[in-house]
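Since the structure comes first, as structure tokens, the remarks are kept for the end.
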2 protein chains.
Amino acid sequence: MARAIDEGLLAAARLFAGIGGAELHRIAEMARLVSRPAGGEFFSQGDPATAFFLLVEGRARIVQITSDGQQVTLRYIAPGEVFGAVPLFSGGPWPATALAVVDSTAARWSREATDRLTAQYPVILANALAIVGERVREIEDRYRELATERVEQRVAHALLHLANVTEKSPAGAEIDFPISRQDIAELTGTTLHTVSRILSAWEQQGVIESRRMHVRILRPEGVRAIAAEARPEGRSRL
Amino acid sequence: MARAIDEGLLAAARLFAGIGGAELHRIAEMARLVSRPAGGEFFSQGDPATAFFLLVEGRARIVQITSDGQQVTLRYIAPGEVFGAVPLFSGGPWPATALAVVDSTAARWSREATDRLTAQYPVILANALAIVGERVREIEDRYRELATERVEQRVAHALLHLANVTEKSPAGAEIDFPISRQDIAELTGTTLHTVSRILSAWEQQGVIESRRMHVRILRPEGVRAIAAEARPEGRSRL
DNA sequence: TCCTGTCATTGACCTGGAGCAAAGACCTCC
DNA sequence: GGAGGTCTTTGCTCCAGGTCAATGACAGGA
């Protein structure tokens, strides 16, 4: 709590793009650092939205819980990313819960601080709009995936995304935080059993390697091929 | 094209909330009216994003087309709603296609006009942020539905939404634009066959009434009950 | 070292809904 | 009023993946 916020992180954050060092210092002073142990909550679905957060260290996941107790993971948050900001701008309570995946620390700006922030630095509004717009696009893509692709492809996409595999990642990459089969299932809209079967098969083929709570991609192009696989036949273009 | 834009519509639009009559007039002058016949496109997935739109009259739907030709409907647009704005703020080409469902007219602000608009009336940025935030919430809800609910419940939700049925709608309501089984299927992530079967069953039960390209909800509480139905058994809260 | 709780694997079974096919209903335009 | 196009319905089949059940593998604490 007493520690200072790393202003380098703020400088790199997209939300504060275009803001200089001196101002960043004042912005940092308006925030409060909050830490949560693995499994702890930064905020909880249904509670009134009183602040927004920027993850400083660790990893968080945003989860919706349905009325019958199923969990759906909307996104994972890496350091430097903003979360919990939407209801501050569009009103309403928090539509989801933010869970610390590992011991994590976030900077927290209260609603009042946010109001001052956007009044003093209007560029933040524009940056926020770009970020939220980007999020619309991501979730729309996930939606399309869920509507049109099979589980295996969705899991492949999720792994590539979580392991930060890009076009030019030559060698493999490991997901750098602990993740269970159940977690992957909640992220891809399936069950841990199906995830387990899929990962076992891939491990047989040698495209991934996995142990308890860990997944490593050995052959990214193999996983990418699975992600791109078309559905068998038929389905004639209309 | 030569017609003037209805400033009453702009005044009611959420995007221009907080802007007075005189300014609205100038804003209206910066737009151009574009009309499309039923089935026509306002913009097309993959094209560079050069403007944003506000639907003046008619109805539009935003559709993504997958590489293998399947269509996924992201949302329907009613008069007064903004569409196509996201890529103007976060960059990139249009991620989807906007189709006129019936003969429709929209006001179109070019990218340059948009820049002037947000510079002169910063409140538009804040309004846009609220709108886009709202959209994040909506699509996240749809995502959760798709991940956790059965087809029947998703169709029920979709009909209630399309027919504008709210808590206090006593009598039935009709979807006030033509919509096929295929359209409903693309909106709910299923096939026209399944939609047809479901609607037939509901018609038997007397909760809806339907003809070619039309659906009317007779007993909203009946449809709402279906939408809320829990999955049979098991699924013990973990 | 054992004990307990969490996570993972795998087999067997079942089902919601997709895929396929064919026929019917409606609409519009000659 | 017939012909052709677009929607819709409905029966049948099949399978991806959910559900159920049981066992196994680790990890951390006492």
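All figures in this text were calculated on a predicted structure; none of them were measured in a lab. Each chain gets a letter, A, B and so on, in the order its sequence line appears, and its residues count up from 1.
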Check nucleotides 9-13 of chain D for protein N or O atoms closer than 3.5 Å to its own N or O atoms and list the pairs.
from    : atom 1 : to      : atom 2 : distance (Å)
dT9(D)  : OP1    : R181(B) : NH2    : 3.3
dT9(D)  : OP2    : R181(B) : NE     : 2.9
dT9(D)  : OP2    : S196(B) : OG     : 2.7
dT9(D)  : O5'    : S196(B) : OG     : 3.3
dT10(D) : OP2    : S200(B) : OG     : 3.1
dT10(D) : O4     : H193(B) : ND1    : 3.1
dG11(D) : N7     : R197(B) : NH1    : 3.1
dG11(D) : O6     : R197(B) : NH2    : 3.1

May I have the distance from [X] (atom [atom1]) to [N] (atom [atom2]), rounded to whole angstrom?
| X | N | atom1 | atom2 | answer |
| --- | --- | --- | --- | --- |
| E152(B) | dA18(C) | CD | C1' | 16 Å |
| E229(B) | dG16(C) | CD | P | 12 Å |
| E186(A) | dG18(D) | CD | P | 13 Å |
| L146(B) | dG17(C) | CG | P | 11 Å |
| I198(B) | dA18(C) | CD1 | P | 8 Å |
| I226(B) | dG16(C) | CD1 | P | 16 Å |
| H214(A) | dA8(C) | NE2 | C1' | 14 Å |
| I208(B) | dT8(D) | CD1 | C1' | 13 Å |

### Message
List the residues meeting ring pair (Phe, Tyr, Trp, His ring centres under 6.0 Å) with W109(A), not counting sequence neighbours, and say none if there are none.
### Response
F16(A), F52(A)

Please set out all donor-acceptor pairs under 3.5 angstrom arising from side-chain atoms of residues 211-228 of chain B, sequence neighbours excluded.
from    : atom 1 : to      : atom 2 : distance (Å)
R216(B) : NE     : E209(B) : OE1    : 3.4
R216(B) : NH2    : E174(B) : OE1    : 2.8
R219(B) : NH1    : E221(B) : OE2    : 3.4
R224(B) : NH2    : T166(B) : O      : 3.3

With sequence neighbours left out, write down each residue that passes salt bridge (charged side-chain N to carboxylate O under 4.0 Å, His left out) with [X], or none if nothing qualifies.
| X | value |
| --- | --- |
| D6(A) | none |
| R154(A) | none |
| D141(A) | R144(A) |
| E145(B) | none |

Restricting to side-chain contact (heavy atoms from CB on, under 4.5 Å), what partner residues turn up for [X], sequence neighbours left out?
| X | answer |
| --- | --- |
| L162(A) | Y76(A), I175(A), F177(A), I179(A), L187(A) |
| S200(B) | S196(B) |
| P95(B) | R137(A), Q64(B), P87(B) |

### Task
Take the C1' atoms of the five end pairs on each side of the helix from dT1(C)-dA30(D) to dC30(C)-dG1(D), derive the two axes, and give their angle rounded to 10 degrees.
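It works out to 30° between the end axes.
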
### Message
Closer than 4.0 angstrom, basic N to acidic O: yes or no for R14(A) and E81(A)?
### Response
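Answer for the salt bridge query: no.
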
### Message
Please encode protein proximity along nucleotides 23-29 of chain C as a string of B, S and -, counting only heavy-atom distances under 4.0 Å.
### Response
--BBS--

### Task
Test S104(A) against E57(A) for side chain to side chain donor-acceptor pair (under 3.5 Å), laying out the working first.
CA-CA 5 Å; S104(A) 302; E57(A) 198 189 350; over 6 Å; no

### Query
Are OP1 or OP2 of dG17(C) and a side-chain N or O of T190(B) less than 4.0 angstrom apart?
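Answer is no, no contact under 4.0 Å.
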
